There are 2 protein chains.
Amino acid sequence: MKCYKCLSKSEAAHNLDAEQLSKMESNCGQVKYEAGEVIFKQNALSSNIIYIRKGLVKTTLEINGRQQILKINKAPAYLGLPTTIGDKINHYSAVSITDVSACIIDINVFNELLRVNSDFSYDIILSLCKSELEYLNACFNRMQKQSAGRLAESLLYFSESIYNADAFTLPLTRCELGNLTGNSREIVSRTLQKFHQDEIIAIDGKLIKILDKKRLNQICKSG
Amino acid sequence: MKCYKCLSKSEAAHNLDAEQLSKMESNCGQVKYEAGEVIFKQNALSSNIIYIRKGLVKTTLEINGRQQILKINKAPAYLGLPTTIGDKINHYSAVSITDVSACIIDINVFNELLRVNSDFSYDIILSLCKSELEYLNACFNRMQKQSAGRLAESLLYFSESIYNADAFTLPLTRCELGNLTGNSREIVSRTLQKFHQDEIIAIDGKLIKILDKKRLNQICKSG
DNA sequence: AAAATAATGTGATTTAGGACACTAATCGGA
DNA sequence: TCCGATTAGTGTCCTAAATCACATTATTTT
């Protein structure tokens with residue numbers, strides 16, 4: 001597919017002219033991943049920028065056998081800008097959690113585009129800044145809140161930022177939800193159960209419906 | 001002082017030509033802060049980029065009366081790029097923890113420089129990427145390790161990244177060290193005491209000397 | 001130098017949440 | 001359609017760490 005008529009082009013890529021787009025196009029692979037595939041791996045050499053056109057991807061950090069899900073990345077989004085530009089090796093892994101369509105862009109071409117098109121590079125700066133603000137928020141959330149607050153935050157995040165719906169199918173297992181929120185699998189189970197009992201949410205396996213968003217927000221905010 | 005002969009210019013600013021530097025110079029204030037002064041405040045409108053030429057600054061996030069120190073920023077460094085470029089209001093505060101010399105750069109001028117000089121903007125992208133990788137590391141550190149591991153990490157950070165010395169004067173109170181590492185004041189006291197008893201460090205008030213770096217590293221890594 | 005304020009050290013108590021052990025359910029493949 | 005393998009729920013126990021409550025020191029302030 002040609003980049004210039006791509007409908008899921010990134011905000012930044014709208015600043016590229018025909019020549020620059022065709023340059024990108026000829027150095028860019030279009031790939032499809034099924035759910036659960038590794039897109040790139042922590043500690044591997046990083047030589048590509050990934051642009052997610054469709055789907056959800058988790059970025060994870062693993063040390064000493066312990067795994068932390070850093071973020072749920074939703075299309076459209078660049079993946080691994082920091083880890084590809086900021087260092088030679090990947091500081092984290094990326095794994096698809098739904099079916100994913102992605103463009104794999106050569107880092108050298110990407111860097112060249114950053115050099116020649118300042119509108120493009122400014123948009124990249126913007127997105128890096130916004131992503132950092134998100135991380136800081138998440139950092140606070142995880143550090144200063146306790147179990148229920150962190151979990152409430154995650155549910156609201158899925159509802160508001162990922163699915164834009166009160167009811168959704170959680171794309172993660174309880175264990176992964178634990179890795180995302182810094183809880184054990186058991187605590188996730190119990191806390192969700194508790195929310196269910198209190199009629200804040202309804203659960204049916206992975207299907208979750210937020211019944212009392214106000215109360216969930218309160219739990220999230222008060223910690 | 002003229003920017004073009006400034007010796008503590010940022011890496012990025014070395015890419016600016018004479019004209020661009022003079023543009024920056026005429027829209028830039030040089031300010032000195034004593035330890036403990038607020039440089040910018042969370043929730044205030046953000047209209048300046050701060051460049052720290054000398055000193056240490058803590059960035060802090062406060063919600064519901066709970067405070068989290070996000071990072072100890074050491075000169076030379078830009079402060080608040082994400083919060084100034086990424087949003088209209090500051091998502092966090094910055095407070096000097098030593099005497100600080102800083103340049104206050106108007107955001108509009110800074111943005112203009114990003115637009116006209118792609119080498120400058122590439123270096124800014126680089127520093128944003130590196131800073132994000134640092135945050136991710138810190139995030140993991142704080143999430144997955146327990147008290148002693150987090151504290152060990154902080155001591156090593158001060159020793160290796162801030163002071164480049166085994167002995168140093170901690171620039172934070174026990175309480176602040178708690179806010180940085182996600183511990184209570186009491187646990188910080190007790191754990192430092194414990195390290196002292198085990199002859200891993202020597203303490204005299206704020207003076208800290210690392211005696212057994214190997215063991216401290218091990219505590220840091222194993223969590 | 002005295003008084004006020006803030007920072008630190010320490011014991012006792014409480015509690016959130018992790019670990020383990022097991023059962024039940026659900027999924028995915030041949 | 002059956003079987004092994006993940007995934008989920010739940011009770012019990014235990015530990016790390018927060019909190020409380022003071023005692024004790026530094027540091028400012030006047």
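The structure presented is a predicted model; accordingly, all values stated were derived computationally and were not measured.
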Basic-acidic side-chain contact under 4.0 Å: [X], [Y]:
| X | Y | answer |
| --- | --- | --- |
| Lys71(B) | Glu134(B) | yes |
| Glu37(A) | Lys32(A) | no |
| Lys41(B) | Glu62(B) | no |
| Glu25(A) | Lys2(A) | yes |

Distance in angstrom units between [X] [atom1] and [N] [atom2], rounded:
| X | N | atom1 | atom2 | answer |
| --- | --- | --- | --- | --- |
| Asn179(B) | dT8(C) | CG | P | 12 Å |
| Lys145(A) | dG17(C) | NZ | P | 13 Å |
| Gln146(A) | dT14(C) | CD | P | 18 Å |
| Leu192(B) | dT10(C) | CG | C1' | 14 Å |
| Glu176(B) | dA6(C) | CD | C1' | 12 Å |

### Task
Quick one, give me the B/S/- string for nucleotides 18-23 of chain C, reading 5' to 3', where B means a protein heavy atom under 4.0 Å from the base and S means that only happens at the primed atoms, P, OP1 or OP2.
SBBB--
### Query
With the sugar-phosphate defined as primed atoms, P, OP1 and OP2, and the base as all remaining atoms, what B/S/- string results for nucleotides 25-30 of chain C, 5' to 3', for protein heavy atoms under 4.0 Å?
------
#### Entry: Test side-chain hydrogen bond (donor to acceptor under 3.5 Å, both in side chains) applied to Thr83(B) - qualifying residues, sequence neighbours left out
none
### Task
Take the angle between the ring planes of Tyr78(A) and Phe110(A) and call it parallel below 30°, perpendicular above 60°, tilted in between.
perpendicular
Rounded to the nearest 0.5 Å, how far apart are [atom1] of [X] and [atom2] of [Y]?
| X | Y | atom1 | atom2 | answer |
| --- | --- | --- | --- | --- |
| Glu186(B) | Asn183(B) | CD | CG | 10.5 Å |
| Ser10(A) | Ile105(A) | OG | CD1 | 7.5 Å |
| Gln146(B) | Thr191(B) | CD | OG1 | 10.0 Å |
| Leu126(B) | Ile85(A) | CG | CD1 | 7.0 Å |
| Tyr92(B) | Ser46(B) | OH | OG | 9.0 Å |

### Query
Are Lys209(A) and Phe168(A) in a cation-pi setup, meaning NZ or CZ lies under 6.0 angstrom from the ring centre and within 45 degrees of the ring axis?
no
#### Entry: Sub-4.0 Å heavy-atom contacts from residues 165-174 of chain B onto DNA chain D, ordered by number
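Contacting residues: none.
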### Message
Going 5' to 3' along DNA chain D, which are the first and last nucleotides with any atom under 4.0 Å from a heavy atom of chain A?
### Response
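Contact span on the strand: dA8(D) to dT12(D).
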Going by atom type alone, with no hydrogens or angles, which donor-acceptor pairs under 3.5 Å involve a side-chain atom of residues 215-223 of chain A and a protein atom two or more places apart or on another chain?
from	atom 1	to	atom 2	distance (Å)
Arg215(A)	NE	Asp212(A)	OD2	3.1
Arg215(A)	NH2	Asp198(A)	O	2.8
Ser222(A)	OG	Gln218(A)	O	2.9

